[in-house]
Amino acid sequence: MTKLCDITNIANMTQNDSAHLLRAIRAKLNLTQEQLAERLGVSFATVNRWEGGANAPQKAARETIAALAQEAGVGPEDVAANPAEAASGVTRRRKAVAAAPTTKPMEQMLWDAACSIRGEKDAAKFKDYLLPLLFLKRLSDVFDDEIARLAEDYGDRPTALEIAEGDHSLLRFYLPPESRWSIINGREAYDWPLDDKGESTKPKDIGEHLTKAVRAVVKHNPTLSGVIDVVDFAAERNGERDINPAKLAAVIETFSDSRYRLGLADVQPDFLGRAYEYLLRKFAEGSGQSAGEFFTPTEVGFLMAHILRPKPGEECHDYACGSAGLLVKQQLVARELDPTSKVPLKLYGQELQAESYAVAQMNAIIHDMDIEMARGDTMINPKFRSGDGGLKTFDIVVANPMWNQPFNPDVFANDPFDRFRTQGGVTTGKGDWAWLQHTLSVMGERGRAAVVLDTGAMTRGSGSKNEDKERAIRKWFVDHDYIEGVILLPDNLFYNTSAAGVIVVLNKKKPAARKDKIVLVNASRRVKKGRPKNYIPEEDIRPLSALFVKGDEVEGEVAIITSRQADEADYNLSPSRWVGNGASDDATDLKDILDRFDAVVAGETAATEMLSSALAKLRVLV
C-alpha cells in the first residue's frame, strides 16, 4: 500500500504525469482507451485528450483515477517507465474488436433540431440560426468548465465567478450572465437590470433573449463580431417572426439535454468538429447551387490533405475558404502524420461571403484551431501581403474556387500583382486557370498546392486549330514543370453540380524523380452511390493518396506522362485521356472527336450553300 501513496496522491500531477499514469493503468489492466473511459465514467474523447496531454483531469476525475490506479496495483516505477508502448500495444491488440467512438447520436440531435424549426425540406434555410446556437452552447459549456477549474483553486463557484468577472483573461471567452446557457434555458433565474428609464430590460421571448445574448458576447469578446451575431433571432417579416419563438425554445431544450454537453471534458474538438461538419453537409444537401460557396465534400478535403502531407509549423492558405473545411483538414492530417508534435500549422483563410466567413470562424474555434481570417474578393483584393506590399507566400495552398467563373478581362490585364501576364498570359472567359495563376503566385519557393476545378479546365482548347488562351496557360505550366499531377474525381460529389471535378496538384520544387513528369490518377471508380450525392468511401482516401504519393503506374488507375507526351497530346491533361476507360484501345482521342466535328460543320456549310443555290434557281422559274 505504501508504494501507491505517491501515485494515488495526484492532485499536483502535471498533464504529462497524468498521461503516463493513465497509460500505466491501461497496460496493467490490459484496457483500450474505450474500456478505460467506461471504467472512469467519461467519454473516449476525454481519455484520448488526457493521454495526449491536451488537458489534465479535474479534481473529481483525479480521485477516480487514483482509486483505479490503487486497484490496478500501479506503482511509481510503473509511471516512471512511461508505458506508452505497452498501452499502445493493448490498443493494437484490441483494435479489431474495440468499439470506435461515434458522433452519430450528436449528429442526429443536431439535424433533428434543425428539422424541428420548419421540417426537413426547409431545414437548410436556418443554417445561419442553428450554427451560432451550437457555437453559443459550446462557448457556454467551456465557460462553465473553466469556472469549475477556477473553483477548485479558489474554493467555490461564486468566488470563481467573481474572480473571472475581474480578469477575463483567465478564460478563453468571457460570457456575461445573460449569455450563459443555464440562463437562456431557464434552469437558473436572472435578475435583468433596469434601463435608463427604470424599466426592465428583460426580453419578451426567447428570440429577443438570444439576440441580446449573442450581442452581449460580442461586446465582451470583440473578436467574435461578425461571427456569432450575424442574425437577429427576433427578426420579423410582414409582422411575423422568421422563427417562431416556441420552435426556437424547443431547439434550446434539445441542445440542453445533458447527453449533448459540449464542454472540454465532454467532447474532443475533433469529435465536435465532425458533428459540426455533418451539419454543414446536411445543410449543403438542401442548399442546391449555393452550397458550393461554403462546403467542399469531406472526403475530397481529406484526400487533398493526405496528398500534400502537411508538416508541423508550415503555413497553409485557402484563398476561397468557405467554411474553412480544407484548412481544418490540413491540421487534422498534420496531427495524424505526426501525433507527437505540439507545433500546429499556421492557417490563413480569405472569404468573400459574410455568412461563410462567420461559419469559418466558428468552425476554427470549435476545432480549437487558430485561423487568421480576412474578408474580401481574392481575385481583386488579396488580403494577405508581405512587408513590401506584395503577395504573402505560403508552404501549402488549398482551394475550391468557383468553377468556370466569368471574369472581366480588365481584372487580369491590369493586375497590380502581375499574376497573369507573366505566368502564361491573360485568360478570357472562364477563370479556372486564373485561379491557378493566383495559386502559383502565393506559393513559396518550395510551395505545393491542391486546387479543385472543373474537368473542362484540363481539356479546353486542346485539339482546336484556333489559338486558345487556356491551352496556352496549360502549356506554360507544363513547360515550367509546375504541375505535379491531376486526380479525376467521381461524378456527382459536389453540391452545386453533378459534374466530376479534378484536383490539380502544383509543386514549385518537384522531387528529382518527378522532374518533367505528371502523375494522372483516375479515381472515378472509387465511389459509393448516395442520396442526394455520391461520396468517396473513407477507406479509399488513404489508398488513393498513396497511389499519388508513390507515383507508380497502376493499370486502370494511374498513368505517368512526360512533358513531351503532354505536348504531343496538345496539353490535354485529363486523366480520363490517359488512364481508365479513356485509355482503352477502342477509345476515341479528343483531337479525333474535334476533327470529326469540324468535318461535320464543314459538310453542313457545303450542304447549305448547295441548297441555297438550288432554291435560287427555283425562284427564277416561278
Side-chain angles (χ1 to χ4, degrees), residues 106-141 175-176 178-188 190 192 201-219 224-257 260 262 272 275-288 290-291 293-295 323 353-363 365-366:
M106 186 175 292
E107 291 170 353
Q108 193 59 52
M109 178 275 290
L110 293 173
W111 186 238
D112 288 346
C115 295
S116 71
I117 296 178
R118 199 172 294 175
E120 184 169 345
K121 181 179 179 181
D122 294 322
K125 297 177 183 178
F126 299 97
K127 167 177 64 73
D128 297 330
Y129 295 94
L130 264 294
L131 296 180
L133 266 184
L134 174 66
F135 185 62
L136 180 60
K137 179 63 162 60
R138 169 69 165 179
L139 292 183
S140 184
D141 286 349
L175 267 62
E178 65 269 33
S179 304
R180 298 167 195 167
W181 201 259
S182 59
I183 304 296
I184 290 172
N185 65 17
R187 303 291 197 274
E188 290 185 20
Y190 177 57
W192 289 86
T201 57
K202 183 177 181 179
K204 297 176 183 177
D205 55 40
I206 188 62
E208 287 189 7
H209 188 165
L210 285 170
T211 298
K212 284 178 177 284
V214 296
R215 290 174 181 174
V217 171
V218 169
K219 182 179 179 181
L224 296 180
S225 177
V227 177
I228 195 173
D229 58 342
V230 290
V231 294
D232 181 356
F233 290 92
E236 294 184 356
R237 298 185 191 184
N238 303 319
E240 287 289 329
R241 287 284 182 90
D242 284 352
I243 299 185
N244 183 287
K247 296 275 190 180
L248 202 49
V251 174
I252 297 297
E253 196 59 33
T254 300
F255 279 12
S256 299
D257 190 317
Y260 306 126
L262 305 179
L272 179 60
Y276 183 86
E277 181 144 322
Y278 167 84
L279 198 58
L280 287 179
R281 184 164 194 150
K282 293 293 288 185
F283 284 142
E285 290 174 358
S287 298
S290 65
E293 295 178 0
F294 69 89
F295 188 75
S323 62
Q353 302 297 329
E355 295 81 3
S356 296
Y357 173 86
V359 172
Q361 293 277 38
M362 289 186 281
N363 201 9
I365 294 170
I366 278 178

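Computation of the quantities below employed the complete heavy-atom set of this structure, encompassing side-chain atoms and omitting hydrogens, waters and symmetry-equivalent molecules.
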| request: Return the set of residues passing ring-ring contact (aromatic ring centres under 6.0 Å, His included) with F233 (not counting sequence neighbours), or none when no residue passes. | output: Y129
| task | Flag yes if more than 12 heavy atoms outside E236 fall under 6.0 Å of its CD atom; otherwise flag no. | result | yes
| said: Restricting to non-hydrogen atoms, name the atom on F255 and the atom on K137 that form the minimum distance, rounded to 0.1 Å. | reply: O-CE, 2.9 Å
| From CG (D242) to NZ (K247), nearest 0.5 Å | 14.5 Å
| query | What are the two closest heavy atoms between I228 and P132, and how far apart are they? | reply | O-CB, 3.9 Å
| Looking at CG of L224 and CG of L139, how far apart are the two atoms once the value is rounded to the nearest 0.5 Å? | 6.5 Å
| request: Say whether, by atom type as modelled, one donor and one acceptor occur between the side chain of N363 and the main chain of I366 under 3.5 angstrom. | output: no
| field | Gap between atom CZ of R187 and atom CH2 of W181 - 0.5 Å precision | value | 10.5 Å
| request: Give a yes or no on whether the backbone of E178 and the side-chain of H209 come within a donor-acceptor separation of less than 3.5 Å. | output: yes
| field | R180 side-chain N/O to L175 backbone N/O, donor-acceptor pair under 3.5 Å | value | yes
| task | Return yes if some donor-acceptor pair links the side-chain N/O of D229 with the main-chain N/O of G226 below 3.5 Å, else return no. | result | yes
| query | Any side-chain heavy atom of L210 sitting closer than 4.5 Å to one from I206? | reply | yes
| R138 side chain to L262 main-chain N or O, any donor-acceptor pair under 3.5 Å? | yes
| said: Once rounded to the nearest 0.5 Å, what's the spacing between atom CZ of R215 and atom OG of S179? | reply: 12.0 Å
| remark: Of all heavy-atom pairs linking K212 and W192, the shortest is CD-CZ3, 4.1 Å
| field | Spatial distance of atom OG1 (T254) from atom CG (N185) [nearest 0.5 Å] | value | 11.5 Å
| task | Nearest 0.5 Å please: distance from the OG atom of S323 over to the CD atom of Q353. | result | 13.0 Å
| said: Less than 4.5 Å apart, side chain to side chain, heavy atoms only: is that true for L248 and D205? | reply: no
| query | Is there side-chain contact between V251 and I243, with at least one heavy-atom pair below 4.5 Å? | reply | no
